[in-house]
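These notes are about the structure you will find just below.
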Amino acid sequence: MTNQHSENQKTLKNIKDLIKDEKVAMLTTISPDGKLMSRPMQTQEVELDQEEIWFITKKDTDKYEDIKLTPAVNLAYAGSSYVSISGTAELVQDSVKKKEYMNKVVEKLLNTSADDPDVVLVKVTPEIAEYWESGVNVKTVKEFVKKVTSSKSLEEGNDLKDTVHFNRN
């Protein structure tokens with residue numbers, strides 16, 4: 001179990017390292033009519049060990065309404081590598097975090113301030129992620145899955161896959 005935990009932490013660190021410099025994620029939501037909609041969102045904080053990726057938006061947006069109806073989302077990061085994270089979004093009102101995440105760029109983009117009651121945080125809890133690491137001659141695919149009941153559900157012997165078990169306290 002310790003070896004599995006160690007591997008999970010290594011994979012989580014690798015994914016966090018891949019997205020730490022990518023400031024913008026494409027957030028994909030499901031619209032009321034079942035269409036997939038993707039929008040660029042500035043990442044405010046990435047805490048994979050806490051199972052949290054944070055964004056800030058306003059209530060009067062389609063993405064807010066989409067998340068209220070269907071919290072299943074996907075985040076896509078593209079840069080020197082590619083990361084896709086599927087998870088569950090939660091709309092959070094936290095005045096301390098709003099003030100922490102608000103900066104001049106976000107104020108201009110949203111045309112508001114942290115004190116605006118229309119400002120809301122989006123917390124994404126990751127469930128499944130895939131990443132493709134770009135290299136000179138190698139492209140590696142790794143996958144971690146949060147809700148796996150058995151390691152036998154993954155293809156055994158596939159050394160391109162990893163499983164991460166998130167620890168909830």
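With respect to Lys99 and Asp115, a salt bridge is recorded, a charged nitrogen being found less than 4.0 Å from a carboxylate O. A salt bridge does not link Lys59 to Glu65: none of the charged nitrogens lies less than 4.0 Å from a carboxylate oxygen.
For the residue pair Glu52 / Trp54, a side-chain donor-acceptor distance below 3.5 Å is found, with atom types taken as modelled. For Asp66 and Ser31, the side-chain atoms include no donor-acceptor pair closer than 3.5 Å. No donor-acceptor contact under 3.5 angstrom links the side chains of Thr112 and Asp118, judged on distance only. In this model, a donor atom of one side chain and an acceptor atom of the other lie less than 3.5 Å apart for Thr43 and Tyr77.
The side chain to side chain contact (heavy atoms under 4.5 Å, CB included) check on Thr88 picks up Pro71, Glu127, with sequence neighbours excluded.
Atom CE in Met102 sits 6.0 Å away from atom CG in Leu110 (nearest 0.5 Å). In this structure, CD1 in Ile19 is found 15.5 Å from OH in Tyr82, a value given to the nearest 0.5 Å. To the nearest 0.5 Å, atom CG of residue Asn74 and atom OG of residue Ser84 are 3.5 Å apart. Annotation: the span from Arg39 atom CZ to Thr29 atom OG1 amounts to 4.0 Å, rounded to 0.5 Å. From Thr28, atom OG1 reaches atom NZ of Lys35 across 15.0 Å, with rounding to the nearest 0.5 Å. For the atom pair OH of Tyr64 and NZ of Lys58, the computed distance is 13.0 Å after rounding to the nearest 0.5 Å.
Gln93 places a side-chain N or O within donor-acceptor distance of the main-chain N or O of Val119, the cut-off being under 3.5 Å.
Looking at heavy atoms from C-beta onward, Ile67 lies in side-chain contact with Val73 at the 4.5 angstrom threshold. Between Val46 and Lys20, every side-chain heavy-atom pair lies at or beyond the 4.5 Å cut-off.
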